[in-house]
Visitor: 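Mind having a look at this structure? Questions to follow.
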Amino acid sequence: MIGESRRAPGGGRMSVGQIERELGKLRTNDDGTLALRSSVLNLIVVTDEESAPEITDSVSKLAGRHPARAVLLISDPEGETNVDVGLSAFCHARGGSGTQVCAEQVTIHAEGPPAMHLESFAGPLLIPDLPVFLWYPGEFSPRSLEFAAMADLADRIIVDSAASESHEACLREIATLVEDPEMPAIGDLQWVGLSPWRSLLADTFGAPERAGDLEKFESAEVLYAPGGENRALLLVGWLASTLGWKPERASRNGEGQKIEFSGTSGDISVVLSPDSPDARLRRIRLYSEEYSFQVSRHRELSDVRTTVMRGDELIAERTVHLGAFDLGVLVGEELRYRGRDETYEGSLRAAVEILDL
Amino acid sequence: MADTQSLQNILRDEQRLPRVPEPGVVVIFGASGDLTARKLVPALYDLAAQRRLPLEFAVVGISRTEMSNEEFRGKLRRALEEHRSGEVSGDVWESFAGGIFYLPGDSKKAETYKGLKELLKRLDSERGTQGNRAFYLSSSPSLFPAIVENLGEAGLSEGEDGGWSRLVVEKPFGRDLESAQELNAELQRYFDETQIYRIDHYLGKETVQNILALRFANGIFEPVWNQHYVDHVQITVAEDIGVGTRGAFYEEAGALRDIVQNHVMQVLCLTAMEPPVAFDAESVREEKVKVLRAVRPIPEGEVEDYAVRGQYERGWVFGEEVPGYREEENVDPESVTETYVALKVFIDNYRWARVPFYIRAGKRLPKKATEVAIQFHASPHTPFARDDTKGLAPNVLVVRVQPEEGLSLKIGAKVPGTGFEVSSVNMDLLYGTAFLEEAPDAYQRLLLDLMLGDPTLFIRADEAEGSWKILDPVMRHWSQKPEVSFYQAGTWGPEEADDLLERDGREWRRP
Ligand SMILES: NC(=O)c1ccc[n+]([C@@H]2O[C@H](COP(=O)([O-])OP(=O)(O)OC[C@H]3O[C@@H](n4cnc5c(N)ncnc54)[C@H](OP(=O)(O)O)[C@@H]3O)[C@@H](O)[C@H]2O)c1
């Protein structure tokens, strides 16, 4: 999509009225006509100094697909008291008439005590009547008062359980949030990244004669990259919660881990092993007595190959696009979804049970 | 069986992930033709690459041209690269093409179907397609009866081993009421109506579906969507292109058959129908048929008061000089085929009593535009009019389908100043802009619905017939009186079309 980024001069502290006025001016085209504002949601993003450039970039790319009022909060509680406001709009021409349509972005850089009250900036800048998504691309502290105040504004919170120093602790924290009835719905980018994998695995059981094997798995192997631990855990958690596997034992297995489950018709052992760093998930294999099912990602391309084997015999095979996985795409997927994702919540609970072994 | 059925769905997360059809085969009759290469196979490829098709899937192409599987695959791959903008990934194509098969044969001959049946059986066992098949008739309509009869006689109108069998029919659905009824009877001799999917690709367009979303997902429009508030409705389907290389085809068809009978009538139905109880095939199609049934028949002797035909002459479209219709390739230099149609119809039901629907469709008009304009009654009394002008312009709500999907509402607003002068302002909402996702191609959407077994966006037999019934008196009158009015390419149609509205004290909008 061809678009144009417009930036307002200014900076420093501004009032809500000033901000709205300046955003209005940003939408004025060179020829004096007013571009339309189009928005389907509010997106609040909380980040730090260091990640700000990358996140700003993703947010403006998102504006193309999910036009939003974006409020980007760069927080630095350690610094001297200071507030700096930046305004920009991402505008592009639509259709034949060349009418411009803009999505707006307010960036607020808060240092010192104001950084502890980000909700006081975000609240007044939200567009009424539209849902509010709150996105923490990096570390977040779910127990803090600041987090609770921000969560109060939101209809849905998006986090990334892989962005934290300790992926285990983070997964547990999220699980606690999910159980909290006061909290809005929560989504994890590590879970969204599993969508194509889940869909491809489900496809391998489209033939009724193989559906019965869903009850008869004996073992599974998951290959993931460093940093992909949570994605792999959620995948196994998903299998466990949908197929009714109960986690029993965990043990070290080389670099990786072996987890044993009891299922409705026997035990299942799952081996999780780290692999090359180029893809968060590399491969999953499921074995039943008769068949093996595999979904495996291409080394360089974003293609993924599915195979179903009976012994050495290839029963079905297919290569498709796995799709893009950059930050924008993952967040975009989350923005499409409004309610609570019960499948995710079940998988998360199962993943935590595995961690508890 | 029920047990495995429920098992099979365990890993499917239909709340969050797109639905994927059951295993199956799409059989295309007319496989060496234009539609297959340009639309059908690219749409199937995209669906497959985006993980929307089942793992066990195959395509079988049939036409007379001798080709091997490999040659057929090669031809399709070249066409894909030509007709589709995105990149084609080698591995993905190879994997998709591995499921494409070609069967040379004459679709009029029974032995072709013997071969087909064997091939389908083989695919069921080798590719796990589970006895499910969709037969896509993408060849000349004159072959439809033969294909259907042969499929039926070969026992292919039922799926294998409890699988399904579906039949897809491309337009035209006949040339008039009689031939449409004949065609439907032929199809229904071997296939049940629930197995028949008549394609009008217009219904596959997001923007057309949005007419329903707009009307029925928004409480504020429905209360005024009736004769109490609406003065009249204008439906425009305008193209700026001419007939191009399709002259021979168009000579047989004309605008009434090519556009009005299907696309325009569909837009009319979506605009005028009552809210369906549910968004499912029978509820939606039932309401559409009710509209068609309520359309007041045009009296045979008064066709000229209700219908206008026109043909474009040489002229200028957006800075380019273009030939007249009679100068186009494969067109009779004395042709009276209409390239423009304007109609006035009434829908005799409670909602639309006395509200005229003015409809126009044509080629070589100034621009490409599809829209529905609802013109409301003027304000009954205006306290502001200080002079003896006609007062305020009435409100007009325009639902734009193409090119820029959106809504615009003409409202009166005060002109700033000390007086109380009121003037019309256009309030534009491009709701298309709110979701910038690329809308899937209409064929992708429809092929997926076909595989999923959802006929909501396909035409039912009585819809096709109902639409022909409305147009029959017009076609009869025109064929008895072979003459046509002319309009210059790049203008909004012949003068008679303007007269049609002027007689009622109204005028066409400029889209
Ligand atoms: N093209 C479009 O954009 C478009 C749009 C809307 C609807 N449609 C409809 O779609 C259908 C196909 O259109 P098209 O443009 O693809 O037509 P086309 O290019 O003329 O293709 C006709 C196909 O039918 C095959 N055929 C003809 N006689 C046959 C026979 N006796 N046995 C087996 N195969 C036979 C031809 O192949 P051989 O000569 O090799 O047998 C060819 O593959 C028509 O009903 C048309 O009205 C087309």
Side-chain angles (χ1 to χ4, degrees), chain A residues 1 36 38-40 63-67 92 94-97 99 101 103 192 195-196 198-215 238-239 242-244 298 301-306 308 315-323 332-333 336-337 339 341-344, chain B residues 1 3-18 20-24 46-57 89-96 98-99 126-130 162 367-369 400 402-406 428-438:
Chain A
M1 189 184 355
L36 298 168
S38 153
S39 21
V40 296
R65 291 189 144 232
H66 304 270
H92 58 272
R94 280 292 288 191
S97 74
T99 313
V101 183
V192 188
S195 296
R198 292 195 297 129
S199 170
L200 288 167
L201 269 181
D203 285 350
T204 59
F205 301 95
E209 69 266 20
R210 287 197 298 272
D213 281 64
L214 285 170
E215 283 199 332
W238 169 64
L239 288 172
T242 21
L243 300 175
H298 194 285
L301 306 172
S302 144
D303 287 350
V304 59
R305 181 161 184 260
T306 307
V308 179
I315 303 281
E317 184 269 357
R318 178 175 63 167
T319 303
V320 296
H321 292 307
L322 189 57
E333 271 306 309
R336 286 158 159 273
Y337 200 70
D341 181 346
E342 276 145 25
T343 313
Y344 163 62
Chain B
M1 192 66 199
D3 197 15
T4 46
Q5 205 64 38
S6 59
L7 266 179
Q8 159 179 350
N9 295 331
I10 291 186
L11 289 188
R12 287 253 177 259
D13 177 1
E14 294 201 340
Q15 194 186 0
R16 205 136 178 196
L17 303 179
V20 177
E22 294 167 354
D46 280 325
L47 287 171
Q50 294 154 21
R51 311 183 304 270
R52 301 302 296 273
L53 293 184
L55 177 59
E56 299 84 357
F57 176 75
S89 149
D91 287 354
V92 175
W93 169 261
E94 284 308 318
S95 148
F96 174 69
E126 283 176 12
R127 301 194 61 90
T129 44
Q130 308 294 332
K367 69 187 221 192
K368 183 179 166 83
R400 229 177 4 253
Q402 295 191 109
E404 259 185 296
E405 188 182 15
D428 262 311
L429 167 70
L430 294 132
Y431 54 77
T433 60
F435 302 96
L436 302 177
E437 301 273 331
E438 236 174 80

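Below, chain A is the first sequence line, B the second, and so on; all start at residue 1. Quantities reported herein were computed from a predicted structural model and do not represent experimental measurements.
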Visitor: Roughly how far, to the nearest 0.5 Å, is the CG atom of B:Leu11 from the OG1 atom of A:Thr204?
Guide: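 A:Thr204 OG1 to B:Leu11 CG: 7.5 Å, rounded to 0.5 Å.
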Visitor: Nearest 0.5 angstrom please: A:Ser195 OG to B:Arg51 CZ, how far?
Guide: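 Result: 8.0 Å between the selected atoms.
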Visitor: Count the heavy-atom pairs under 4.5 Å between each of A:Ser199, A:Gly332, A:Ala103, A:Pro196 and chain B, then report the option with the highest count.
Guide: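 So the answer, after comparing A:Ser199, A:Gly332, A:Ala103, A:Pro196, is A:Pro196.
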Visitor: What part of B:Leu17 lies closer than 4.5 angstrom to a heavy atom of chain A: side chain, backbone, both or neither?
Guide: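 Only the side chain of B:Leu17 comes within 4.5 Å of chain A.
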Visitor: Might you confirm whether atom CD of A:Glu209 has over 12 heavy atoms from other residues, nucleotides or ligands at distances under 6.0 Å?
Guide: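 Yes, CD of A:Glu209 has more than 12 neighbouring heavy atoms, counting only those of other groups under 6.0 Å.
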Visitor: Can you tell me how far apart CG (B:Asp91) and CG (A:Asp303) are? Round to the nearest 0.5 Å.
Guide: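 Answer for the CG-CG pair, B:Asp91 versus A:Asp303, is 5.5 Å.
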Visitor: Below 4.5 Å from any heavy atom of chain A, which atoms of B:Glu94 appear? Answer side chain, backbone, both or neither.
Guide: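 Contact with chain A is absent: no heavy atom of B:Glu94 under 4.5 Å.
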Visitor: If I measure from the heavy atoms of chain A, does B:Ala48 come under 4.5 Å with its side chain, its backbone, both, or neither?
Guide: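 The answer is the backbone of B:Ala48.
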Visitor: Quick one: which of A:Val308, A:Leu200, A:Val320 gives a side chain to side chain contact (heavy atoms under 4.5 Å, CB included) with B:Leu55?
Guide: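 By the side chain to side chain contact (heavy atoms under 4.5 Å, CB included) criterion, B:Leu55 pairs with just one of A:Val308, A:Leu200, A:Val320: A:Val308.
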Visitor: Could you state the interatomic distance from CG (A:Asp341) to CZ (B:Arg16), rounded to the nearest 0.5 Å?
Guide: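 Spacing of CG (A:Asp341) from CZ (B:Arg16) equals 5.0 Å.
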Visitor: Who among B:Pro18, B:Pro21, B:Ser89, B:Gly128 has the most heavy-atom pairs with chain A under 4.5 Å?
Guide: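 Looking at each of B:Pro18, B:Pro21, B:Ser89, B:Gly128 in turn, B:Ser89 comes out on top.
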Visitor: Under 4.5 Å, counting heavy-atom pairs only, tell me which of B:Gly99, B:Pro54, B:Gly98 racks up the most with chain A.
Guide: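 Winner by heavy-atom pair count: B:Pro54.
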Visitor: If you define the side chain from C-beta out and look only at heavy atoms, does anything of B:Leu53 sit under 4.5 Å from A:Asp203?
Guide: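 Counting from C-beta outward, B:Leu53 and A:Asp203 never come under 4.5 Å.
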Visitor: Roughly how far, to the nearest 0.5 Å, is CG of A:Leu201 from CZ of B:Arg12?
Guide: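 Rounded to the nearest 0.5 Å, the CZ-CG separation comes out at 10.5 Å.
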Visitor: First locate atom CD of B:Glu56, then atom CD1 of A:Ile315, and finally report the distance between them rounded to the nearest 0.5 Å.
Guide: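 Going from the CD atom of B:Glu56 to the CD1 atom of A:Ile315 covers 10.0 Å.
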Visitor: Please classify the contact between A:Arg305 and chain B as side chain, backbone, both or neither, with a heavy-atom cut-off of under 4.5 Å.
Guide: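 Interface part for A:Arg305: neither.
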